[in-house]
Asker: 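A single structure is presented below for examination.
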Protein chains: 2
Amino acid sequence: MEYQEAKEKFINTWGSLGTLWGINKAMAQIQSLLFISTKALSMEDIMKELKISRGNTSMNLRQLMDWGIVTKELIPGERKEYFTTEKDVQELARHIAKERSRREIKPVIKILKEVSSIKDDGTEKTKELIKQTKALHDLAETADAMMNKIVNQEQNWITKSLLKLIK
Amino acid sequence: MEYQEAKEKFINTWGSLGTLWGINKAMAQIQSLLFISTKALSMEDIMKELKISRGNTSMNLRQLMDWGIVTKELIPGERKEYFTTEKDVQELARHIAKERSRREIKPVIKILKEVSSIKDDGTEKTKELIKQTKALHDLAETADAMMNKIVNQEQNWITKSLLKLIK
DNA sequence: ATAAACTTTCAATAATTATTGAAAGTTTAG
DNA sequence: CTAAACTTTCAATAATTATTGAAAGTTTAT
C-alpha cells in the first residue's frame, strides 16, 4: 500500500467512525487530516484535500475548536489562518471523553435521577420504573466517573495501571 | 412527576441517547419500553405505546434480537409473539459492549493496523502517518481490551475492583 | 478610507436515514 | 385444505442531517 492510498484509507475509516465518538463525518475527516499532517493547514488546503466546500470547512473547523481538539495557528507574515490538531492520542482521548461526558452523559444522568426519584405510589409498574431507572442511573454514573478518572490521569497511567489490572 | 410523564421522559431520553451506543431512535425506544415493562409486550402493544408503524416495529425488534438484548417469548395458548429485554443492566452493558466491539471497533483496529504497517519510504509525511496511526491503533486496542475485560467479569467485578481503583 | 485577502453565515439543495403501509409470506386451528 | 391471525418485506415517502455557494462580514496593508 502506497502513502496516498494509506492516507485516504485512514481518513475515510476514521471519518466513518466519527459517530462512535459523536461527531459528524466532515468534522472527523478534517481532524484526521490534521492528525497525520506534518504541518499546520489552511482552510484552502483542507478544502482541496477533502474536496469539501469553504462553508463546510469553516463550520466544521469551528466545531472542532469548540471541542478543544483543533487550534488556530497564526503564522507570522501570513494573512491566512492555519490549523493544527492535538497530536498526542492520550490528550485527544481526554478532550473527547470530557466533552462527551459534559454534552451527553451528564444530562442523561440528571434525567435518570429525576425519573428514578418519582413518588412510589405502590403500583407494580411504578416500582419497576423506579427500580430500572435507578439501576441505569447507577451504571451510567459509574461508567462516567470511571471514564473521567481514567482519562484525567497523567500520560501513561492508563497503560501502566489498567493494563496491569486487566491482564 | 407522575408515572406517565416519568415513563415518557425516560423513553425519550434513552431513545435520543441511542446514538451514543450506536442504535437508532426507534430501536432504543422499544428497548426502553420493554426495559421498564413488568411483562412481555406484543407487537401490537409496542406499536400503540410508541405510535410507530407495524413495519417499523417489526424491523427494529429484529435488530434488537440481532444485538442479543431482546428475546421472543412464546406464551402458551397465545398466537401472538411477545417480547422482553434483558433486565439486568450489567448484562445489558455486556451485550452492547460486545456487539459494538465486534461491529465497529475491531474492524477499525484492523484498518489502523494495515495503514500503520505501510512501508517506510523515508519521507517525513510517511513517517508521520505511520507514527500517528500506530499510536491510534494502540489506543484503540487498549480501550477495546479494557472494555471487553471489564464487561466480561461476573456481576459485581466492576463496582468492586474498579470503583476501588478510581477512588 | 479603500481595496484586497480572507472568513463566516445562512437559505437553498442534496444526501442520507427512518418510517410507513400495504402486499406477500408464514403459521396454526379447525 | 382453507381461512384467520399474525409477521415480514420493501418500494414509496417523509424527516432529518449535511453540504454548498454566494453574499455579507472582518481584518489588514497601503
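Here is the naming used below: chain letters follow the sequence lines, and residue numbers restart at 1 for every chain. Only heavy atoms go into these numbers, but all of them, side chains included; no hydrogens, no water, no symmetry mates. Values in this document were obtained by computation on a predicted structure and should not be read as measured data.
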Asker: Would you kindly give the CD-to-P distance between B:Q63 and D:dT7, to the nearest whole Å?
Answerer: 18 Å
Asker: Charged N to carboxylate O below 4.0 Å: is that the case for B:R94 and B:E91?
Answerer: yes
Asker: May I have the distance from A:L61 (atom CG) to D:dT19 (atom P), rounded to whole angstrom?
Answerer: 13 Å
Asker: Within a strict 4.5 Å, meaning less than it, do heavy atoms of the A:N60 and A:I52 side chains meet?
Answerer: no
Asker: One pair to check against side chain to side chain contact (heavy atoms under 4.5 Å, CB included): B:T133 and A:F35. What are the steps and the verdict?
Answerer: CA-CA 9 Å; B:T133 51; A:F35 189 68; over 6 Å; no
Asker: Heavy atom of residues 33-54 of chain B under 4.0 Å from DNA chain C: which residues?
Answerer: B:K51, B:I52, B:S53
Asker: Which heavy atom of A:S116 sits nearest to which heavy atom of A:I130, and what is that distance?
Answerer: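 Looking at all heavy atoms of both residues, the shortest contact is O-CG2, 3.6 Å.
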Asker: With heavy atoms under 4.0 Å as the rule, sort B:N24 into base, sugar-phosphate or nothing.
Answerer: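 Sugar-phosphate contact only.
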Asker: Quick one: are A:L64 and A:F83 in side-chain contact, heavy atoms under 4.5 Å?
Answerer: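 With C-beta onward as the side chain, the pair stays apart.
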Asker: How many whole angstroms separate atom CD1 of B:I30 from atom C1' of C:dA18?
Answerer: 12 Å
Asker: Under a 4.0 Å N-O cut-off, is there an ion pair linking B:E99 with B:R102?
Answerer: yes
Asker: Within this structure, what is the CG-to-P distance between A:N56 and C:dT7, rounded to whole angstrom?
Answerer: 15 Å
Asker: Between atom CG in B:N60 and atom C1' in C:dT19, what is the gap in whole Å?
Answerer: 9 Å
Asker: Nearest whole angstrom, please: distance from the C1' of C:dC6 to the CD1 of A:I75.
Answerer: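 The distance from CD1 of A:I75 to C1' of C:dC6 comes to 15 Å, rounded to the nearest Å.
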Asker: Please give me the minimum heavy-atom distance between A:D45 and A:S42, naming the atom from each residue.
Answerer: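 Result for this residue pair: OD2-N, 2.9 Å.
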Asker: Quick one: is B:R62 getting a side-chain N or O under 4.0 Å of the D:dT9 phosphate, OP1 or OP2?
Answerer: yes
Asker: A:E78 has an atom CD; how far is it from atom C1' of C:dA5, in whole Å?
Answerer: 12 Å
Asker: Relative to the 5' end of DNA chain C, which residue comes earlier, A:R79 or A:M65, by the nucleotide with the nearest heavy atom?
Answerer: A:R79
Asker: Tell me the stems DNA chain C sits in, counting at least three consecutive Watson-Crick or G-U wobble pairs, each under 3.5 Å on both distances.
Answerer: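 Stems found: C:1-30 with D:1-30.
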Asker: For B:Q29 and C:dT19, what is the distance between atoms CD and C1' respectively, to the nearest whole Å?
Answerer: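 Taking atom C1' of C:dT19 as the reference, CD of B:Q29 is at 13 Å.
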Asker: Check B:K39 with B:E73, please: is the shortest side-chain N to carboxylate O separation under 4.0 Å?
Answerer: no
Asker: Between B:K48 and B:E44, is the closest basic N to carboxylate O distance under 4.0 Å?
Answerer: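 No, this pair does not count.
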